[in-house]
Amino acid sequence: MSPETKAREEIDKKLIMSGWVIQDMKELNLTAGIGVAVREFPTSTGPVDYALFVEGTPVGVIEAKKTEAGENI
């Protein structure tokens, strides 16, 4: 399993445990739940790993990084 696949599985698991609905861009439905996390969401500076929407409003992004490069919050 590639590091990217492993990271995505871990992030997905944590988002689901927190109540987020996870979607790919091709199945985008921002009304699927109160909180929707969209994988590989395009932005003006390139795609983000996950874009977070609450009731259809963008509220944040998640960018996966190596453990030593990221911030644990």
Peer 1: Applying a strict under-4.5 Å side-chain criterion to I, L, V, M, F, W and Y, I'd like to know whether W20 and I34 cluster together.
Peer 2: yes
Peer 1: Search all heavy atoms of E63 against all heavy atoms of V48 and return the closest pair with its distance.
Peer 2: OE2-CA, 2.8 Å
Peer 1: Over all heavy atoms of both residues, which pair between M25 and V38 is shortest? Give the atoms and the distance, please.
Peer 2: SD-CG1, 3.7 Å
Peer 1: E9: what forms a side-chain hydrogen bond (donor to acceptor under 3.5 Å, both in side chains) with it, not counting sequence neighbours?
Peer 2: none
Peer 1: Would a single hydrophobic cluster contain both V54 and L28, if residues Ile, Leu, Val, Met, Phe, Trp and Tyr are joined by side-chain heavy-atom contacts under 4.5 Å?
Peer 2: no
Peer 1: Between V61 and L52, does the side-chain contact (heavy atoms from CB on, under 4.5 Å) criterion hold? Intermediate values first, please.
Peer 2: CA-CA 6 Å; V61 299; L52 305 176; over 6 Å; no
Peer 1: Can you tell me how far the CZ atom of R39 sits from the CD1 atom of I11, to the nearest 0.5 Å?
Peer 2: 10.0 Å
Peer 1: Run the side-chain contact (heavy atoms from CB on, under 4.5 Å) check on F41 and F53 step by step: do they pass?
Peer 2: CA-CA 11 Å; F41 190 83; F53 294 84; 3.7 Å; yes
Peer 1: Quick one: pull up NZ in K14 and CD1 in I16 and give me the separation to the nearest 0.5 Å.
Peer 2: 13.0 Å
Peer 1: Where is the tightest heavy-atom contact between L15 and I62, given as atom of each residue plus distance?
Peer 2: CD2-CD1, 3.9 Å
Peer 1: Please determine whether a side-chain nitrogen of the Lys or Arg among R8 and E40 lies less than 4.0 Å from a carboxylate oxygen of the Asp or Glu.
Peer 2: yes
Peer 1: Locate the shortest heavy-atom distance separating Q23 from N29; write the atom from each residue and the value.
Peer 2: OE1-N, 2.7 Å
Peer 1: Does Y50 have any ring-ring contact (aromatic ring centres under 6.0 Å, His included) partners at least two apart in sequence or in another chain, and if so, which?
Peer 2: none
